[in-house]
Q: 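Pasting a structure here, questions to come.
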Amino acid sequence: MSLRTPLSRRWVVTTLLTLAAPPLHAAPLAESAPTASQTAAAPASKNDLDPAKREQLRALVRQASERMQAGDRASAVALLEQARALRADPSIDYNLGIAYAELGRHPQAATAFERFLPVADPSRFLPDRIDDVRRRMAEYQKSLCRVRARFTVPAGQPATLYLDEQALSTLDAGRMSESRWLSPGSYRVRVAGPGLRDYSVSIDLRPGEARELTGDVVREGSESSLLADNAAKALKQEPLPFYRKPWFW
């Protein structure tokens, strides 16, 4: 996938609306900061950070920009993820998407861009940046795939969805909170949790495919499972072939 434009036109210095972080002077990077009048007119949010955390957020954003300018995209991603854990902001998601894409981690880039687009304010982001993200997402919809999860899990039993033995998501009442972007390929899906019998299945995902993973997860020690139950039903419903019918003489 080739979605490359000059770095100076893609990376946005993250100057957040309510933080008013100063622009960096080390490189000719575009900014997504509001004007002074916009900042003054912005109402105070109940979710505003306390001064210490606000300063921590500013520092993380500055460090991430410096690491990106130095070509250390992995460190920039780690710092931006820390910043987003303090406060979600569309400019952080935009920068995360760009950094992940530069690393070739396109499913993570798609996730960040998907968060960015619905809340991208044209007064903060140049139209060509928003259009660029839309083009990227159109490409990702063709080249990547998505999965949702909807499992039946015993009430009160926590469960986790694993993909190739890597934890993908906790399942709240048997469901993932949101769909996940993945690269096409073959995966081993496993649902497990304390007191539960592991549910495991292999799947193949094609480019552009959207798949919902479903199944029944039973308690450990149960004599039935989804696969066993389905096999039993199939045997009951399928008529025996002629040559296997019992004959009595």
Side-chain angles (χ1 to χ4, degrees), residues 1-40 42 44-45 47-137 139-140 144 166 181 183:
M1 179 185 305
S2 178
L3 292 170
R4 302 180 65 85
T5 55
L7 178 61
S8 62
R9 295 190 60 187
R10 286 182 285 111
W11 179 254
V12 174
V13 176
T14 312
T15 46
L16 305 180
L17 180 62
T18 56
L19 299 181
L24 303 184
H25 303 291
L29 302 183
E31 299 178 29
S32 64
T35 64
S37 60
Q38 288 172 327
T39 304
S45 169
N47 297 322
D48 278 351
L49 299 174
D50 61 58
K53 288 186 177 180
R54 189 178 302 136
E55 195 57 41
Q56 181 185 0
L57 181 54
R58 284 181 178 143
L60 288 168
V61 168
R62 283 196 295 267
Q63 292 168 29
S65 183
E66 291 167 0
R67 297 320 307 155
M68 191 69 178
Q69 294 169 46
D72 186 357
R73 296 166 179 81
S75 294
V77 160
L79 290 163
L80 286 172
E81 290 287 8
Q82 292 179 53
R84 194 177 190 281
L86 287 175
R87 179 170 185 168
D89 186 273
S91 52
I92 292 179
D93 285 326
Y94 177 90
N95 287 335
L96 271 172
I98 295 297
Y100 275 128
E102 289 287 323
L103 286 169
R105 297 172 63 180
H106 297 294
Q108 292 88 343
T111 299
F113 286 144
E114 188 175 48
R115 292 191 302 252
F116 164 77
L117 276 180
V119 292
D121 185 349
S123 68
R124 295 184 64 194
F125 297 92
L126 295 175
D128 64 339
R129 295 186 186 279
I130 297 176
D131 290 341
D132 175 61
V133 172
R134 290 194 179 113
R135 286 192 295 269
R136 290 172 183 266
M137 290 302 296
E139 290 295 325
Y140 285 149
L144 300 179
Q166 297 292 321
W181 292 90
S183 297

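Bear in mind the structure is a predicted one, so any value in this text is a computation, not a measurement.
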Q: When Ser65 is tested against each of Gln69, Arg62, Gln63 for side-chain hydrogen bond (donor to acceptor under 3.5 Å, both in side chains), which residue passes?
A: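 Passing option: Gln69.
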Q: Hey, mind stepping through Leu96 and Arg115 against side chain to side chain contact (heavy atoms under 4.5 Å, CB included) and telling me if it holds?
A: CA-CA 11 Å; Leu96 271 172; Arg115 292 191 302 252; 3.9 Å; yes
Q: Looking at every non-hydrogen atom in both residues, tell me the closest pair between Gly97 and Ala109 and how far apart they are.
A: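 Scanning both residues, the minimum pair turns out to be O-CB, 3.5 Å.
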Q: Going by side-chain hydrogen bond (donor to acceptor under 3.5 Å, both in side chains), name the residues that satisfy it together with Asp50, two or more places apart in sequence or in a different chain.
A: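 If we apply the side-chain hydrogen bond (donor to acceptor under 3.5 Å, both in side chains) test to Asp50, skipping adjacent residues, there are no hits.
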Q: Residues two or more places apart in sequence or in another chain: which of them pass side-chain contact (heavy atoms from CB on, under 4.5 Å) with Arg67?
A: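 Residues passing side-chain contact (heavy atoms from CB on, under 4.5 Å) with Arg67: Ala70, Asp72, Ser75, Ala76, Leu79.
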Q: Just how far is it from atom CE of Met68 to atom CG of Leu80, taken to the nearest 0.5 Å?
A: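 Output value for this atom pair is 8.5 Å.
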Q: Which atoms form the tightest heavy-atom contact between Ile130 and Pro122, and what is the distance?
A: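 For Ile130 versus Pro122, the nearest heavy atoms are CD1-CA, 4.2 Å.
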Q: Rounded to the nearest 0.5 Å, what separation is found between the CD atom of Gln82 and the CD1 atom of Ile92?
A: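 That separation rounds to 11.0 Å.
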Q: Rounded to the nearest 0.5 Å, how far does CE of Met137 lie from CZ of Phe116?
A: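 It comes to 11.5 Å.
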Q: Backbone N or O of Ala110 within a donor-acceptor pair of the Glu114 side chain at under 3.5 Å?
A: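 Such a contact is absent between Glu114 side chain and Ala110 backbone.
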Q: May I ask you to test the Phe125-Ser91 pair for a side-chain heavy-atom distance under 4.5 Å?
A: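 Of all side-chain heavy-atom pairs linking Ser91 with Phe125, at least one is under 4.5 Å.
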Q: Treating Arg54 as the side-chain partner and Leu49 as the backbone partner, does any N or O pair qualify as donor plus acceptor under 3.5 Å?
A: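 Side chain of Arg54 to backbone of Leu49, a donor-acceptor pair under 3.5 Å: yes, one is there.
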Q: Measure the spacing between NZ of Lys53 and CG of Leu60 and express it to the nearest 0.5 Å.
A: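 Those atoms lie 12.5 Å apart.
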Q: Knowing that exactly one of Asp93, Asp132, Ile98 qualifies, which makes a side-chain contact (heavy atoms from CB on, under 4.5 Å) with Phe113?
A: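 Of all the options given, the one that passes is Ile98.
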Q: Before accepting this row, confirm whether a basic side-chain N of the pair Asp131/Arg134 lies closer than 4.0 Å to the acidic partner's carboxylate O.
A: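 Yes, this pair counts.
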Q: Go through it in stages, so that I can follow the logic: the residues are Glu139 and Arg136, the test is salt bridge (charged side-chain N to carboxylate O under 4.0 Å, His left out), and I'd like the CA-CA distance, side-chain angles, deciding distance and then a yes or no.
A: CA-CA 5 Å; Glu139 290 295 325; Arg136 290 172 183 266; over 6 Å; no
Q: Would you call Arg84-Glu81 a salt bridge at under 4.0 Å N-O?
A: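 The answer is no: the pair does not qualify as a salt bridge.
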